[in-house]
Amino acid sequence: MENYLHQIKSIALQSGKTKIAIIGKGQSIGDIDTRQLKDFFVINLNDSEKILAGDIALFHRIDLYDKIKLNNFSVGKYLAPSYLKIPDSKHIEVKHLPSDQDSFEHTYEYFEDEDFYLVDFIILSAIKFSILYQKALGKKIDVYFLGFDFYSGSVSADDNQMYDLEYKNVILKTQESFFKSVLEDFNQFYPSIHLFHIGDKGYSGISVVGFNAFLSELKSKSSIKNELTNSQMYAMLLQEVREKGKVIVVAEFTNNHIGDPRRLVKMIELAKESGADIIKLQKRDVDTFYTKDEQSKPYKSPFGNTLGDYRRGVELNEDLFNLVDFECRRNEIPWFTSVLDWNSYEFMLKFDTPIIKLPSTISNHKNYLLKVGNDFSGDLVISTGFTDASYEEFVLGNFMTDRNLFLLQCTSSYPTPPEACQVSVVRHYEELSTNKFSNLFSGYSSHDVGSLGCMLAVAAGAKMVEKHVKLGDLEWIHFDGVAIDLYNNRFKDFVHDIRKAEIMCGSKKKTIHKQEHHKYIVNENNN
C-alpha cells in the first residue's frame with residue numbers, strides 16, 4: 001500500500017496542476033475541444049484513452065485490456081490490478097474489489113479509507129484518486145467530469161454482448177442517481193475540492209458550450225480577436241460619462257454566482273442583455289480576512305456548516321476570473337472587483353484591472369486603504385457605508401490624485417429603509433465634484449428595495465448607481481434579499497427606470513426645450 005500511495009503523491013507533486021479532467025465516453029465528449037486540456041491533469045476511465053490519452057488511467061475490466069493494448073498503452077500511468085499485464089514502467093498495481101448492493105451506501109467510508117483500490121463504479125475511484133491528489137498537492141483543486149451522459153442510444157462493440165440496451169441504460173441511470181447525490185454532499189466533506197459535471201443536466205456545473213469557452217480563455221487571453229480589452233471598454237464608458245453625462249449602472253454580483261461557472265456565464269449574459277454598463281464582483285482571502293473563530297461560526301450552505309466553508313465555496317479562483325474576463329469581453333461589457341484585503345489586491349493585479357473598489361466593509365481598515373491607494377495607479381470606487389463626514393475628509397485628503405474617483409453614498413443596512421437612504425449626500429458629493437474636484441464623480445450604492453432610491457440619486461447628480469443582482473432566490477447567500485433578479489426582466493426594468501430618470505433630469509442649463517409650446521398665442525396688439 002505504501003508504494004502506490006507514495007507514487008500517487010509523487011504524481012500529484014510532479015504535476016502541480018490544480019485542474020483535473022476525468023474523461024468518460026459519453027456522446028457529449030465529442031463536442032468538447034479536448035485538445036485544449038493541456039493545463040489539466042487528465043484521468044482516463046476504462047479505455048477512454050482512445051479519445052484522449054491522459055496522465056493516468058483507472059481500469060480493471062479484462063474485456064477492455066486488448067483495446068488498451070492495441071492503443072499501445074498511451075497513457076502515462078495505469079492504476080490497475082496485477083492480472084492486467086501492463087508494461088512495468090507504466091503499471092501501478094492496485095486491487096479491484098467488486099461492489100455489492102450496499103457499496104453505494106458506504107461511499108464516504110471508501111473515500112476516507114487509507115487504502116486505495118478500484119470499485120466497479122470506476123468514477124468513484126477517480127474521485128478518490130482526486131482526494132489523494134489534493135491532499136498531496138495541498139491546494140484547492142477543481143475536478144471536471146467530461147463525457148458522462150449516463151445514457152446510451154446503442155450498444156457498441158465495446159460493450160459486453162450480454163448487456164442489451166435496456167439493461168445498460170438501467171445501470172447508467174442508477175449510477176447517475178448516485179453520482180448526483182455525491183455532487184450534492186461532496187463539498188461539505190471536501191471543501192478544497194470542487195466537482196463540476198459538464199453537460200446539460202440539472203446538476204451540471206457548466207454547459208459544454210460554456211466549458212469550451214473556458215478552455216479557449218485558458219489557452220490564450222488573446223483568443224478573442226478584434227474585440228476590446230477590459231481597459232479599453234472601461235475607457236470608452238468613462239468617456240461617455242465625461243462627454244455625455246452618462247450614468248453608469250453597475251450590476252453587483254456579490255457572491256450570487258456561488259462559485260458556479262455556469263451561473264457566472266449566465267449572469268454576465270443577462271446583465272448585459274438587461275442594459276448594465278459594468279459588472280462588479282468581490283474578492284477576499286478567506287483565511288486572512290476572517291479570524292479562525294469567525295470562520296468556525298455556524299453557517300448553513302451547500303458547502304458546509306460554517307462561515308468559512310461558505311466563504312471558501314463562493315470565492316472565485318484564477319480560472320473563474322479568467323472566465324469572467326473572457327465572457328465580459330465576448331459580451332462587450334467591462335468588469336471590476338471589490339478587493340477586501342492585501343492578498344486579494346495583489347491577486348487581482350494578475351488581470352486587466354483599470355478600476356477597483358474599496359467597499360464600505362473595510363472602511364475602518366485605513367492602513368490597508370492607504371496602502372492600496374498608494375500602490376494602485378488606476379481609478380477607484382469608494383463607498384461610504386457606516387461612515388460619517390470624517391471618512392469623507394480621509395478619502396478626499398488621500399485618494400484625490402490624478403485618478404478618477406467615484407464616491408458612492410451607501411447605507412450599510414440590508415435592506416435599507418427609506419428614511420436611512422440619505423440620497424441628499426449624493427447631491428453633496430456632486431457639489432464637491434462641480435466646485436472643487438473635477439475628477440470626482442458622485443454615486444449611489446443601493447441597498448434599498450426597488451429602483452426609486454437610485455432614480456432619486458440620478459436626480460441628485462449620481463454618475464454611478466450600483467445594484468445587487470441575483471439569479472433566482474438563494475436564501476443562504478448574503479444580500480439575497482436586497483438583490484434584483486436577473487430573470488423575468490426584473491433587472492432590465494430597473495435599468496429602464498434609471499435611464500428614464502437620466503432622461504428626465506436632462507441638462508443643468510436652462511433652455512427652451514423643443515417639446516415646449518404655448519397653448520395660446522399672445523396678441524401683440526393687446527400689449
Side-chain angles (χ1 to χ4, degrees), residues 250 252-255 280-297 299 306-318 321 335-351 353-401 403-414 416 420 422 425 428-429 432 437 439-447 464 466 468 477-479 482:
V250 181
E252 160 66 285
F253 283 17
T254 57
N255 299 312
K280 191 182 84 67
L281 304 113
Q282 294 184 359
K283 181 61 181 173
R284 79 190 77 205
D285 181 56
V286 176
D287 291 331
T288 58
F289 187 80
Y290 296 103
T291 66
K292 294 296 183 183
D293 287 342
E294 287 176 312
Q295 292 179 46
S296 63
K297 286 182 179 179
Y299 191 96
T306 68
L307 179 66
D309 293 334
Y310 160 65
R311 282 298 182 187
R312 290 185 189 91
V314 298
E315 279 299 315
L316 298 181
N317 58 23
E318 185 171 351
F321 270 113
W335 63 280
F336 69 111
T337 311
S338 287
V339 287
L340 284 85
D341 54 82
W342 185 255
N343 287 347
S344 298
Y345 167 70
E346 290 191 312
F347 174 87
M348 292 312 305
L349 295 180
K350 299 176 184 179
F351 305 95
T353 311
I355 180 173
I356 61 173
K357 182 178 180 181
L358 299 172
S360 303
T361 312
I362 52 171
S363 57
N364 60 334
H365 297 185
K366 292 186 178 179
N367 288 337
Y368 163 67
L369 297 175
L370 289 171
K371 190 176 180 181
V372 172
N374 291 330
D375 188 79
F376 187 62
S377 59
D379 291 352
L380 290 176
V381 178
I382 297 179
S383 56
T384 58
F386 208 66
T387 69
D388 56 22
S390 64
Y391 188 68
E392 175 188 314
E393 294 175 6
F394 165 76
V395 171
L396 297 178
N398 290 282
F399 300 99
M400 292 306 306
T401 58
R403 63 162 57 94
N404 297 296
L405 173 66
F406 290 86
L407 190 60
L408 275 52
Q409 155 58 14
C410 175
T411 301
S412 295
S413 174
Y414 312 92
T416 303
Q422 303 180 86
V425 176
H428 166 61
Y429 293 161
L432 289 174
F437 301 104
N439 54 341
L440 175 69
F441 297 96
S442 177
Y444 183 64
S445 179
S446 170
H447 295 145
M464 176 181 283
E466 183 180 270
H468 291 234
I477 280 283
H478 283 116
F479 312 121
V482 302

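As the structure is a computational prediction, the values presented were derived from the model and not from experiment.
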Peer 1: Can you check whether Asp285's main-chain N or O pairs, donor with acceptor, with Ser344's side chain at less than 3.5 Å?
Peer 2: yes

Peer 1: Quick check: does any side chain N or O of Thr361 sit under 3.5 Å from a backbone N or O of Pro359, one acting as donor and the other as acceptor?
Peer 2: no

Peer 1: Kindly indicate whether the side chain of Trp335, heavy atoms from C-beta on, has any atom under 4.5 Å from the side chain of Phe253.
Peer 2: no

Peer 1: Working to the nearest 0.5 Å, report the span between CD of Glu393 and CG of Asp388.
Peer 2: 8.5 Å

Peer 1: Return the minimal non-hydrogen interatomic distance between Leu358 and Phe399, and the atom names on each side.
Peer 2: CD1-CE2, 4.4 Å

Peer 1: Tell me every residue that passes side chain to side chain contact (heavy atoms under 4.5 Å, CB included) with Ser296, counting only those two or more places apart in sequence or in another chain.
Peer 2: none

Peer 1: In Å, rounded to the nearest 0.5 Å, how long is the span from CZ of Phe321 to OG1 of Thr337?
Peer 2: 4.5 Å

Peer 1: Determine whether a donor-acceptor pair (N or O, by modelled atom type, separation under 3.5 Å) exists between the side chain of Asp341 and the backbone of Phe289.
Peer 2: no

Peer 1: For the backbone of Ser360 and the side chain of Ser383, can you confirm whether one donor and one acceptor N or O come within less than 3.5 Å of each other?
Peer 2: yes

Peer 1: List the residues meeting side chain to side chain contact (heavy atoms under 4.5 Å, CB included) with Thr401, not counting sequence neighbours, and say none if there are none.
Peer 2: Arg403

Peer 1: Ignoring hydrogens and angles, tell me if any N or O in the side chain of Asp379 forms a donor-acceptor pair with the backbone of Asn404 under 3.5 Å.
Peer 2: yes

Peer 1: What pairs with Glu252 under side chain to side chain donor-acceptor pair (under 3.5 Å), at least two apart in sequence or on another chain?
Peer 2: Lys280

Peer 1: Report the residues that fulfil side chain to side chain donor-acceptor pair (under 3.5 Å) with Ser446, sequence neighbours left out, ordered by chain and then residue number.
Peer 2: Asp448, Lys467

Peer 1: Given Val250 and Phe336, is the side chain to side chain contact (heavy atoms under 4.5 Å, CB included) satisfied, shown in steps?
Peer 2: CA-CA 10 Å; Val250 181; Phe336 69 111; 4.0 Å; yes

Peer 1: To the nearest 0.5 Å, how far apart are CD1 in Ile362 and CD1 in Ile382?
Peer 2: 9.0 Å

Peer 1: Please name all residues satisfying side chain to side chain donor-acceptor pair (under 3.5 Å) with Tyr345, sequence neighbours left out, ordered by chain then number.
Peer 2: Asp375

Peer 1: Parallel, tilted or perpendicular: which fits the ring planes of His447 and His468, with parallel below 30° and perpendicular above 60°?
Peer 2: perpendicular

Peer 1: Please examine the side chains of Phe347 and Val339, heavy atoms only from C-beta on, and report whether any two atoms are closer than 4.5 Å.
Peer 2: no

Peer 1: Measuring from Leu405:CG to Met400:CE, what's the distance to the nearest 0.5 Å?
Peer 2: 5.5 Å

Peer 1: I'd like to know whether CZ of Phe437 has more than 12 heavy-atom contacts from other residues, nucleotides or ligands below 6.0 angstrom.
Peer 2: yes

Peer 1: For Asn398, what residues pass the side chain to side chain contact (heavy atoms under 4.5 Å, CB included) criterion, not counting sequence neighbours?
Peer 2: Leu370, Phe394

Peer 1: Looking at side-chain heavy atoms only, is the closest gap between Ile356 and Leu380 below 4.5 Å?
Peer 2: yes

Peer 1: Enter the distance from Met348:CE to Leu281:CG here, rounded to the nearest 0.5 Å.
Peer 2: 8.0 Å

Peer 1: The test is side chain to side chain contact (heavy atoms under 4.5 Å, CB included); show your working for Trp342 and Asn367 and say whether it passes.
Peer 2: CA-CA 11 Å; Trp342 185 255; Asn367 288 337; over 6 Å; no

Peer 1: Could I get the full list of side chain to side chain contact (heavy atoms under 4.5 Å, CB included) partners for Thr384, not counting sequence neighbours?
Peer 2: Thr387, Tyr391, Leu407, Gln409, Tyr429

Peer 1: Check side chain to side chain donor-acceptor pair (under 3.5 Å) between Asp287 and all other residues, then give those that pass, not counting sequence neighbours.
Peer 2: Arg312

Peer 1: Pairs in or reaching into residues 356-369: which pass salt bridge (charged side-chain N to carboxylate O under 4.0 Å, His left out), with residues at least two apart or in two chains?
Peer 2: Lys357-Glu466

Peer 1: What pair of heavy atoms forms the shortest contact from Gly385 to Ser363, and how long is it?
Peer 2: O-OG, 3.8 Å

Peer 1: Look up atom CD in Gln422 and atom NE2 in His428, then write down how far apart they are to the nearest 0.5 Å.
Peer 2: 12.0 Å

Peer 1: Using salt bridge (charged side-chain N to carboxylate O under 4.0 Å, His left out) as the criterion, list what pairs up with Glu315, not counting sequence neighbours.
Peer 2: Lys283, Arg284

Peer 1: Taking ring-ring contact (aromatic ring centres under 6.0 Å, His included) as the test, write out the residues that go with Phe441, two or more places apart.
Peer 2: Phe406

